[in-house]
Amino acid sequence: MNYKMMGKFLSQILMMEVIFMLPALLISIFDEEETATLGFVTAIAVISLVALALYFICRNSEKRFYAREGFVCVGISWIAISVFGCLPFLLSEEIPKPIDALFEMVSGFTTTGASILADVEALSRGILYWRSFSHWLGGMGVLVFLLALAPNRESGSGFTMHLLRAESPGPDVGKLVPKMRTTARILYLIYILLTVLDFLFLLAGGMPVFDSVCTAFGTAGTGGFGIKNDSIAGYSPYIQNVCTVFMLLFGMNFSCFYLLLLRKVKAVWKDEELRLYVTIVVCSIFLLVWNLKGFYPTFGETVRHAAFQVASVVTTTGFATTDFDLWPNFSRILLLLLMFVGACAGSTAGGLKVGRVLLLFKSLRRNIRRLLNPRRVEAVWVNGTKTSEEVIRNTNTYLVAYVMILVISILLVSVDELTIPTNISAVISCFNNIGPGLEMVGPTANYSFFSNFSKLVLIFDMLAGRLEIFPILILFSGSTWNRVNFSNKRKTDMWYIRDTRQWRGK
């Protein structure tokens, strides 16, 4: 295990977190919020000292990076930025309890949007900004951002490939262009452009500048932290419709936007995952409108609320315009099922991902045909490309881990003796990075009543869900930390990078 290189990379991540805290500090200074200002100043000083000490210790690291280091580095980095990122909450005493502050920060970075706050509007603007910005930074990925902007000091593509694979959502991670670092830059450029466009549309609807910035961050990262106690319900129908459209856009695979920039419209429409995503959204809206007939005064209002909540839940954003926990059981169950599905792979959304669901259905169909005809040889094809058996195996393994964590988490959270719908929907919501659930964790409620033990379980679920499970699980595996004699391993079994030479397994 190359601990020094991992430590060096972690120091860079922490310094990047310091830089991103500066706007929140400036807002606190401008508003003359003394406690918030002191909280940010102290947090920045502590994080800077830790980062500089870590960099000094690990400055002479070897340029050797394996897949194992990639997973461990991603898992530890996300835990570290969450722990240090919650310091302003604690030091300003706006969230005085450590577990609550960590829960809020993890919820922010993982774009979950689950909150322990009963009165969001009581927070200072600097804290609100940092809370919302964590969504934007965590949406596309903290490490991906560093790979996109940092100078290329590491030789070979394995360094960036391992980190991007470990942090990016979806069953398979590919390149838009030959170089992985360039791919990261293209993704973030598209991400920034869409965020700015969202901000301008919100601003055009009369939303205040600060509200527009924070709402755009939450929409882009599909996070859902609102700066109002009623989320988006208090804003105009125009604002709600803008959020609906952009939530759905950020739920698309970002490679589709890249193809659109290249004017390959046909290739985008032929994308099977995108077509299934659109089908799920349209059918869900239609079913909700049908079930909610007469629930709202006008048909237009019914369509608006139904479309907004479908977009919010399927993209795992978590914004709300109405208390959907009061809806009929059919509508509530439908939203609960959408929590599992999530949006497209390669988006900022959580959940299983539509691409993974598509693969599972195609794999199931193939296995049924094999049962009927054991000699049948059939591959799984997606978008005209044969899917490798390794990707299918990884998808099946992911599903097993997904179900196991879900079941165990529900069992552990149940020790609080809350209602069954509350426990189940809380775990589903946190694990799929959505935010609101049903009953006691509905869109008008919060997670403050859970015990510290249950909050830690939900924190684990949020991190595991955002990082596609394995980068977090691998931290608890004994074999991860065992020393391996790489000199006896075949070079075809691993990526190996040292100085300017590189081998890649075939």
Side-chain angles (χ1 to χ4, degrees), residues 2-61 69 72-110 123-154 159 163 167 184 188 217 221 463:
N2 192 346
Y3 292 107
K4 281 196 171 183
M5 187 171 182
M6 290 165 56
K8 182 180 177 182
F9 192 77
L10 180 58
S11 69
Q12 296 172 347
I13 290 289
L14 293 178
M15 285 307 301
M16 184 180 71
E17 187 173 33
V18 166
I19 293 172
F20 286 130
M21 276 189 187
L22 294 178
L25 171 61
L26 294 176
I27 292 173
S28 298
I29 294 174
F30 178 81
D31 290 346
E32 298 182 351
E33 291 283 351
E34 293 182 5
T35 55
T37 300
L38 181 62
F40 279 112
V41 169
T42 308
I44 288 172
V46 170
I47 300 171
S48 298
L49 287 174
V50 172
L52 290 173
L54 200 57
Y55 185 84
F56 179 78
I57 295 172
C58 305
R59 65 187 185 281
N60 296 322
S61 60
E69 277 90 341
V72 172
C73 196
V74 167
I76 291 178
S77 294
W78 276 74
I79 293 172
I81 62 172
S82 298
V83 171
F84 286 104
C86 74
L87 288 180
F89 297 156
L90 279 172
L91 297 172
S92 66
E93 297 186 349
E94 296 197 31
I95 304 180
K97 297 180 181 178
I99 298 297
D100 287 353
L102 180 61
F103 185 96
E104 198 77 9
M105 195 73 263
V106 170
S107 181
F109 276 123
T110 60
L123 298 178
S124 64
R125 291 206 312 162
I127 292 293
L128 282 174
Y129 175 88
W130 175 239
R131 183 172 172 265
S132 296
F133 182 75
S134 64
H135 278 335
W136 190 86
L137 189 57
M140 185 61 70
V142 183
L143 277 71
V144 175
F145 186 89
L146 183 61
L147 293 176
L149 298 185
N152 187 5
R153 296 174 181 173
E154 313 300 339
F159 175 74
L163 291 173
E167 189 178 45
Y188 252 103
F217 285 157
L463 286 169

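This one's a predicted model, so the numbers in the text were calculated from it and none came from an experiment.
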Colleague: Tell me whether S132 contacts the main-chain N or O of Y129 through its side chain, where contact means a donor paired with an acceptor under 3.5 Å.
Modeller: no

Colleague: Please work out whether the ring planes of W130 and F40 are parallel, tilted or perpendicular, with thresholds of 30° and 60°.
Modeller: perpendicular

Colleague: Taking side chain as C-beta onward, heavy atoms only, is L90 less than 4.5 Å from L102?
Modeller: no

Colleague: Once rounded to the nearest 0.5 Å, what's the spacing between atom CD1 of I57 and atom CG of L52?
Modeller: 11.0 Å

Colleague: Give me the ring orientation class for F20 and F133: parallel if the planes are under 30° apart, tilted from 30 to 60°, perpendicular past 60°.
Modeller: tilted

Colleague: Looking at every non-hydrogen atom in both residues, tell me the closest pair between R125 and F30 and how far apart they are.
Modeller: NH2-CD2, 4.1 Å

Colleague: Atom OG1 of T37 and atom CD1 of I27: how far apart are they, to the nearest 0.5 Å?
Modeller: 11.0 Å

Colleague: Kindly give the heavy-atom pair with the smallest separation between L10 and A80, and that separation in Å.
Modeller: CD1-CB, 3.8 Å

Colleague: OG1/T110 to CE/M105 distance, rounded to the nearest 0.5 angstrom?
Modeller: 9.0 Å

Colleague: For V41, run the side-chain contact (heavy atoms from CB on, under 4.5 Å) check against V46, I29, L25, L91 and tell me which one passes.
Modeller: L25

Colleague: Do I79 and L463 have side chains that approach each other closer than 4.5 Å (heavy atoms only, starting at C-beta)?
Modeller: yes

Colleague: Tell me the closest heavy-atom pair linking A101 and I95, and the distance in Å.
Modeller: N-CG2, 3.6 Å

Colleague: Have S124 and E94 got a donor and an acceptor in their side chains that come within less than 3.5 Å?
Modeller: yes

Colleague: Nearest 0.5 Å, what's the OH-OG distance between Y55 and S48?
Modeller: 15.0 Å

Colleague: Quick check for you: to the nearest 0.5 Å, what is the distance between S134 atom OG and I81 atom CD1?
Modeller: 9.0 Å

Colleague: Going from CG on L123 to CD on E33, what distance comes out if it is rounded to the nearest 0.5 angstrom?
Modeller: 10.0 Å

Colleague: Kindly give the heavy-atom pair with the smallest separation between G126 and A24, and that separation in Å.
Modeller: O-CB, 3.5 Å

Colleague: Looking only at heavy atoms, which two atoms of F89 and I127 are closest? And how far apart?
Modeller: CE2-CG2, 3.4 Å

Colleague: Partners of S107 by side chain to side chain contact (heavy atoms under 4.5 Å, CB included), sequence neighbours excluded?
Modeller: T112, A114, F225, M462

Colleague: Shortest non-hydrogen contact from F84 to M21?
Modeller: O-CE, 3.9 Å

Colleague: So which of L137, I47, I44 actually passes side-chain contact (heavy atoms from CB on, under 4.5 Å) with E17?
Modeller: I47

